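Taking it in order: structure first as structure tokens, then the write-up.
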Amino acid sequence: MLLKDKVCVITGAASPRSIGYATAELFAAHGARLAVPDIAMNDDALAEISARISARIGSPARIWGARCDIRSAEECKQAVESIVTHFGTIDCLVNCAGIVKSQSMKSITEADYDDILNVNLKGTFNICSSVLEVLADRGSGSIVNLASVAAQRGGGLVGGAHYAASKGGVISLTKSIAREFGPSGIRANVVCPSMVETGMLDGNVTPEMFKEIVSAIPLKRAGQPSDIAGACLYLASDLSAYVTGATLDVNGGSHIH
Ligand SMILES: NC(=O)c1ccc[n+]([C@@H]2O[C@H](COP(=O)([O-])OP(=O)(O)OC[C@H]3O[C@@H](n4cnc5c(N)ncnc54)[C@H](O)[C@@H]3O)[C@@H](O)[C@H]2O)c1
């Protein structure tokens with residue numbers, strides 16, 4: 001049990017196919033109490049993921065969930081207040097909420113740019129800021145933000161230049177948090193996945209593209225949400241107690257640098 005009774009906030013977990021959900025399931029199996037704010041969270045979605053996680057761990061999941069749009073600083077603040085009221089504290093944040101759009105640079109409009117940056121970068125900033133208030137008060141905690149190989153290699157797989165830029169911003173933001181809050185006992189790290197089989201690929205990757213991308217991956221398969229969840233578990237838990245400001249590649253060897 002690497003996260004026994006830890007209160008873990010995981011954004012982007014509303015869909016059972018998502019990286020956030022796989023992370024929530026794995027964390028619950030390691031004893032965590034879960035808070036799952038998501039723009040798509042509602043009673044039905046919460047009941048479904050709660051039932052799935054309870055079945056996986058063989059006991060009732062301890063889970064809080066509500067709708068929260070991370071583009072809004074106010075909604076993030078309210079969600080964090082509700083989580084603290086419910087569980088008493090927060091030990092860690094894994095920020096998996098994000099959106100993607102495959103577009104060429106020339107076709108990206110100002111509205112496209114704002115859509116992507118507002119969720120992926122401003123949203124990450126908003127939820128980190130609210131959670132940091134709690135972690136700084138208690139003098140401990142771990143933040144894990146999801147970026148992408150797109151930020152490291154200049155896009156080119158799934159997502160356009162705006163997506164790659166937003167994820168580059170997430171890496172810089174996370175390093176800054178690590179430096180500023182290290183003295184307060186708080187760690188912050190990034191996970192950089194490459195192509196992972198989730199709903200995010202729907203409409204963005206054709207079967208032909210999928211095959212071609214997989215053929216160039218040294219481990220010869222696409223990532224699974226559980227692959228990313230394992231990396232998040234390492235970074236959220238004390239296994240990584242002396243790791244901060246790091247970027248962990250989980251890409252099957254598709255980008256070795
Ligand atoms: N799937 C991949 O190939 C891949 C590759 C590299 C990086 N990533 C990153 O990993 C993370 C998780 O991706 P995924 O594949 O599980 O995606 P997904 O589309 O399956 O899930 C994303 C979740 O984010 C939520 N969300 C979107 N906008 C939101 C908002 N404004 N406020 C709150 N929640 C919001 C959605 O409702 C959804 O539950 C993302 O940051 C993504 O950019 C994914």
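Whatever order the structure lists them in is the order used to number ligands and atoms, beginning at 1. Small disclaimer: the values here were computed from a predicted structure and weren't measured.
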Atom 31 (N) of ligand 1 - nearest protein heavy atom and its distance: D69 OD1, 2.9 Å
Closest non-hydrogen atom pair between A136 and F181, with its separation: CB-CE2, 4.4 Å
Option of least heavy-atom distance to atom 1 (N) of ligand 1 (set: V196, V250, V94, I39): V196
Under 3.5 Å side-chain donor-acceptor pair for S129 and N126: no
Ligand 1 contact on V158 by region, counting heavy-atom pairs under 4.0 Å: neither
Separation between SG of C92 and CG of L3, rounded to the nearest 0.5 Å: 6.5 Å
Pairwise distance CG(L233) to CD1(I228) - rounded to 0.5 angstrom: 13.0 Å
Heavy-atom gap Y21 to ligand 1 smaller than 4.0 Å: no
Minimal non-hydrogen separation, S18 against S15, with atom names: OG-O, 2.6 Å
Ligand 1 N/O within reach of V149 N/O, cut-off under 3.5 Å: no
Per-atom contacts, ligand 1 versus Y163 - under 4.0 Å to a heavy atom: 6 (C), 7 (C), 8 (N), 9 (C), 42 (C), 43 (O)
Min N/O separation I99 to ligand 1 under 3.5 Å: no
Nearest protein heavy atom with distance in Å, relative to atom 4 (C) of ligand 1: S194 O, 3.8 Å
Residue R67 excluded, over 12 heavy atoms near CZ under 6.0 Å: yes
C192 touching ligand 1 at heavy-atom level, < 4.0 angstrom: no
Euclidean distance, T89 OG1 relative to H86 NE2, rounded to 0.5 Å: 13.5 Å
Pair Q152-D249, side-chain donor/acceptor within less than 3.5 Å: yes
Protein contact to atom 32 (N) of ligand 1 [nearest heavy atom, distance to 0.1 Å]: I70 N, 3.0 Å
Stepwise side-chain contact (heavy atoms from CB on, under 4.5 Å) test for Q103 and D112: CA-CA 9 Å; Q103 289 181 283; D112 293 327; 2.8 Å; yes
Remaining members of hydrophobic cluster (4.5 Å side-chain criterion), I171: V190
Proximity flag T11 to ligand 1, non-hydrogen atoms under 4.0 Å: no
Exercise: identify the closest heavy-atom pair between R71 and V119: CD-CG2, 3.7 Å
Spacing of CZ belonging to F125 relative to OG1 belonging to T174, to within rounding of 0.5 Å: 12.0 Å
Closest to atom 20 (O) of ligand 1 among S18, G20, A40 (heavy-atom distance): S18
Any P37 heavy atom less than 4.0 Å from ligand 1: no
4.0 Å heavy-atom contact, K167 with ligand 1: yes
Ligand-side contact atoms (ligand 1) for residue partner M195, heavy atom cut-off under 4.0 Å: 3 (O)
Identity and separation of the nearest protein heavy atom to atom 16 (O) of ligand 1: I19 N, 2.8 Å
From L46 atom CG to M41 atom CE, the distance as rounded to the nearest 0.5 Å: 5.5 Å
Nitrogen or oxygen atoms of S148 and ligand 1 under 3.5 Å apart: no
Sequence neighbours excluded - side-chain hydrogen bond (donor to acceptor under 3.5 Å, both in side chains) pairs with any residue from residues 39-50: E48-R52
Numbered atoms of ligand 1 (with element) below 4.0 Å of C68, judged on heavy atoms: 32 (N), 33 (C)
Distance-only N or O hit between ligand 1 and R17, under 3.5 Å: no
Protein heavy-atom partner closest to atom 38 (C) of ligand 1 - residue, atom, separation in Å: D38 OD2, 3.7 Å
Distance, nearest 0.5 Å, that separates CD1 of I108 from CG of D114: 11.5 Å
Closest protein heavy atom (residue, atom, distance) for atom 7 (C) of ligand 1: A147 O, 3.2 Å
Atoms of ligand 1 close to L201 [distance to a heavy atom under 4.0 angstrom, numbered from 1]: 3 (O)
Protein heavy-atom partner closest to atom 44 (C) of ligand 1 - residue, atom, separation in Å: M200 SD, 3.7 Å
Protein contact of atom 15 (O) of ligand 1 - nearest heavy atom, named by residue and atom, plus distance: T198 OG1, 2.5 Å
Atom indices of ligand 1 within 4.0 angstrom of A14 heavy atoms, with elements: 39 (O)
Closest to atom 28 (N) of ligand 1 (judged by heavy-atom distance), picking from V100, V119, N204: V119
Matching residue for T11 among N95, D38, N145, T124 - test: side-chain hydrogen bond (donor to acceptor under 3.5 Å, both in side chains): N95
Heavy-atom proximity to atom 11 (C) of ligand 1, best of C96, G98, A22, A151: C96
